[in-house]
> 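Pasting a structure below so you can have a look.
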There are 2 protein chains.
Amino acid sequence: MSQAETKDSLKSRGLRLTRQRKILLELIDGSGKHLDAEQLYQMAQKIDPKLNRVTVYRTLKMLKQGGLVDELDLMHQKGDQHFYETRLKGEHAHIICLRCGRVEEFFGDPLQKLRKQVEAHFGFEILITRTEIGGYCSHCQRLRSREFEDVRDSAERPRRKTAKEALD
Amino acid sequence: MSQAETKDSLKSRGLRLTRQRKILLELIDGSGKHLDAEQLYQMAQKIDPKLNRVTVYRTLKMLKQGGLVDELDLMHQKGDQHFYETRLKGEHAHIICLRCGRVEEFFGDPLQKLRKQVEAHFGFEILITRTEIGGYCSHCQRLRSREFEDVRDSAERPRRKTAKEALD
DNA sequence: GTTAGTGCAAACCTTTTGCAGCTCT
DNA sequence: AGAGCTGCAAAAGGTTTGCACTAAC
């Protein structure tokens with residue numbers, strides 16, 4: 001969304017385009033990554049050291065409610081925080097590798113079909129959708145099978161992880 | 001999943017089927033609802049008053065990692081906690097009404113097609129999927145438009161919500 | 001008997017709230 | 001002028017951790 005459109009969107013709801021909001025909007029629009037509140041806060045502070053973490057949270061909440069950004073969980077692979085992206089690109093799913101953390105985006109007709117079927121089937125008015133898929137990317141599949149072989153071929157007794165270790 | 005299958009699944013990983021875990025498994029399997037850790041804790045405590053909240057969290061984490069339950073966010077409509085359901089039913093999406101909180105489940109071929117396309121397109125090995133759709137159910141769409149008319153037709157001046165109120 | 005699991009208390013991380021003062025329009 | 005916004009401090013909500021004791025196998 002252009003700066004001008006965003007400005008209009010805020011104005012029309014009686015909201016103000018403050019110095020802090022300008023900084024945060026540029027960071028979200030410009031980064032092209034999925035940033036969480038803490039990352040945004042760190043980046044914003046380099047521009048305006050007085051900008052408070054609370055302002056970041058309040059701004060994100062406002063942008064989310066205004067439909068200007070989407071909130072992601074990314075399968076909570078890194079923790080329980082939320083990530084944000086603009087609504088510029090069309091609807092897409094997020095594919096998260098549970099080993100290396102890499103995130104891919106998938107645009108494809110199943111997402112549109114799902115949307116249409118849900119609207120038709122339930123008479124539902126859709127405002128937000130979130131599709132997240134967790135597993136192993138092709139690269140990590142190879143690494144995992146090699147790790148597995150290493151354990152079996154190892155000179156050490158191929159001890160299985162204790163249950164406690166497995167939980168960590 | 002039957003009690004026996006679950007037992008095997010735990011045993012094969014060197015995990016124990018304790019009194020506390022039996023209670024929690026029955027609650028999750030039996031309820032048919034999407035329960036969060038706190039609800040499970042409250043229910044479990046009625047059966048065993050000494051069962052600790054921490055045990056609930058540890059058990060859920062273990063079941064999730066073992067692929068015995070799925071974790072849901074339900075669009076964080078009620079807060080930032082997680083909800084849980086067994087993996088008995090096939091893959092499905094959750095449709096959450098942002099007004100009344102009602103949750104519907106949608107089973108349909110777009111979900112399978114999405115899965116296949118992602119596997120084919122990225123060579124991805126899928127372990128978990130989560131599709132959540134937020135909006136208004138047909139019932140709440142009607143209520144909302146009525147509420148809106150009420151405001152316009154009201155004898156009071158049709159004041160718009162202040163921005164502060166809108167955020168609450 | 002050994003190792004996994006539990007309960008308790010305390011810590012942790014992320015996010016929200018109350019309030020006085022500041023700033024955009 | 002006046003409503004909206006910010007910063008600060010403090011609290012809240014949900015979840016995890018360290019450790020000594022207990023129970024499953």
Side-chain angles (χ1 to χ4, degrees), chain A residues 7-8 10-25 35-42 44-45 48-66 71-74 76-84 159-168, chain B residues 7-8 10-25 35-42 44-45 48-66 71-74 76-84 159-168:
Chain A
K7 202 167 178 174
D8 290 349
L10 297 184
K11 267 193 183 170
S12 71
R13 287 176 287 147
L15 300 171
R16 293 174 183 170
L17 189 64
T18 62
R19 183 171 42 82
Q20 293 89 335
R21 288 180 183 174
K22 276 183 203 159
I23 293 173
L24 291 169
L25 279 169
L35 301 170
D36 65 15
E38 184 62 24
Q39 292 172 307
L40 274 166
Y41 170 59
Q42 298 297 341
Q45 254 204 343
D48 176 357
K50 295 228 53 174
L51 195 152
N52 196 278
R53 185 181 272 106
V54 172
T55 299
V56 176
Y57 281 106
R58 282 193 282 231
T59 302
L60 288 172
K61 189 174 184 180
M62 179 207 75
L63 295 174
K64 178 175 51 162
Q65 294 190 339
E71 189 180 72
L72 314 174
D73 295 302
L74 299 184
H76 302 297
Q77 218 241 334
K78 299 187 182 176
D80 280 354
Q81 74 278 61
H82 296 129
F83 297 85
Y84 297 87
R159 153 185 98 81
R160 178 159 54 208
K161 261 188 182 170
T162 62
K164 193 178 194 69
E165 286 170 346
L167 269 184
D168 292 341
Chain B
K7 202 167 179 174
D8 291 347
L10 297 184
K11 267 192 183 170
S12 71
R13 288 177 288 145
L15 300 170
R16 292 172 184 171
L17 190 63
T18 61
R19 183 171 42 79
Q20 292 89 335
R21 288 179 182 175
K22 276 182 201 157
I23 292 172
L24 291 168
L25 279 168
L35 301 170
D36 64 17
E38 184 61 25
Q39 290 172 307
L40 274 166
Y41 170 58
Q42 298 296 342
Q45 253 203 344
D48 176 356
K50 296 229 52 175
L51 196 151
N52 196 277
R53 185 181 270 107
V54 172
T55 299
V56 177
Y57 280 107
R58 281 194 281 231
T59 302
L60 289 171
K61 189 175 185 179
M62 180 208 72
L63 294 174
K64 179 176 49 162
Q65 294 191 338
E71 190 180 71
L72 315 173
D73 295 303
L74 299 183
H76 302 296
Q77 218 243 333
K78 299 186 180 177
D80 280 354
Q81 76 277 59
H82 297 129
F83 297 87
Y84 298 87
R159 154 185 97 83
R160 179 161 53 206
K161 261 187 182 170
T162 63
K164 193 178 193 74
E165 285 169 349
L167 270 184
D168 292 342

> The criterion is side chain to side chain contact (heavy atoms under 4.5 Å, CB included); which residues satisfy it with Thr55(B), sequence neighbours excluded?
Gln20(B), Leu51(B), Asn52(B), Thr59(B)
> Starting at atom CD of Gln45(B), determine the distance to atom C1' of dG7(C), rounded to an integer number of angstrom.
12 Å
> Which letter, B, S or -, goes with each nucleotide of nucleotides 9-16 of chain D from 5' to 3', with contact meaning a protein heavy atom under 4.0 Å?
B----SBB
> Through what angle, rounded to 10 degrees, does the axis of the helix from dG1(C)-dC25(D) to dT25(C)-dA1(D) turn between its ends, using five pairs per end?
40°
> Rounded to the nearest Å, what distance is computed from the CE atom of residue Met62(A) to the P atom of nucleotide dC5(D)?
8 Å
> Can you tabulate the close N/O pairs, meaning under 3.5 Å, that link protein atoms to atoms of nucleotides 20-25 of chain D?
{"from": "dA24(D)", "atom 1": "N3", "to": "Arg16(B)", "atom 2": "NH1", "distance (Å)": "3.2"}
{"from": "dC25(D)", "atom 1": "OP1", "to": "Leu17(B)", "atom 2": "N", "distance (Å)": "3.4"}

> Just jot down the salt bridge (charged side-chain N to carboxylate O under 4.0 Å, His left out) partners of Arg53(B), sequence neighbours excluded, or say none.
Glu38(B)
> According to salt bridge (charged side-chain N to carboxylate O under 4.0 Å, His left out), who are the partners of Asp73(B), at least two apart in sequence or on a separate chain?
Arg130(B)
> Which whole-number value in Å describes the distance from Leu63(A) CG to dT15(C) P?
15 Å
> Could you tell me which residues satisfy salt bridge (charged side-chain N to carboxylate O under 4.0 Å, His left out) with Lys64(A), sequence neighbours excluded, listed by chain and number?
Glu71(A)
> Grab the CZ-P distance between Arg13(B) and dG5(C) for me, whole Å please.
10 Å
> Distance check needed: dC13(C) C1' versus Gln77(A) CD, whole Å only.
17 Å
> Treating Gln39(A) as the side-chain partner and Asp36(A) as the backbone partner, does any N or O pair qualify as donor plus acceptor under 3.5 Å?
yes
> Please report, rounded to the nearest Å, how far the P atom of dC5(D) is from the CG atom of Asp48(A).
17 Å
> For the pair made of NZ in Lys50(A) and P in dT23(C), what is the distance, rounded to whole Å?
10 Å
> Please verify the inter-ring angle class for His82(B) with His76(B); under 30° counts as parallel, over 60° as perpendicular, anything in between as tilted.
tilted
> Holding to side chain to side chain donor-acceptor pair (under 3.5 Å), I want the full list of residues that pass it with Tyr57(A), two or more places apart in sequence or in another chain.
none
> Go through the steps for Leu17(B) and Leu25(B) under the test side-chain contact (heavy atoms from CB on, under 4.5 Å), then give the verdict.
CA-CA 10 Å; Leu17(B) 190 63; Leu25(B) 279 168; 4.0 Å; yes
> Please assess Leu63(A) against Arg21(A) for the test side-chain contact (heavy atoms from CB on, under 4.5 Å), listing each intermediate value before the final yes or no.
CA-CA 10 Å; Leu63(A) 295 174; Arg21(A) 288 180 183 174; over 6 Å; no
> Given side chains that start at C-beta, do those of Gln65(A) and Lys61(A) come closer than 4.5 Å, heavy atoms only?
yes
> With sequence neighbours excluded, tell me which residues meet salt bridge (charged side-chain N to carboxylate O under 4.0 Å, His left out) with Asp48(A).
Arg19(A)
> Rounded to the nearest Å, what distance is computed from the CZ atom of residue Arg21(A) to the C1' atom of nucleotide dG7(D)?
14 Å
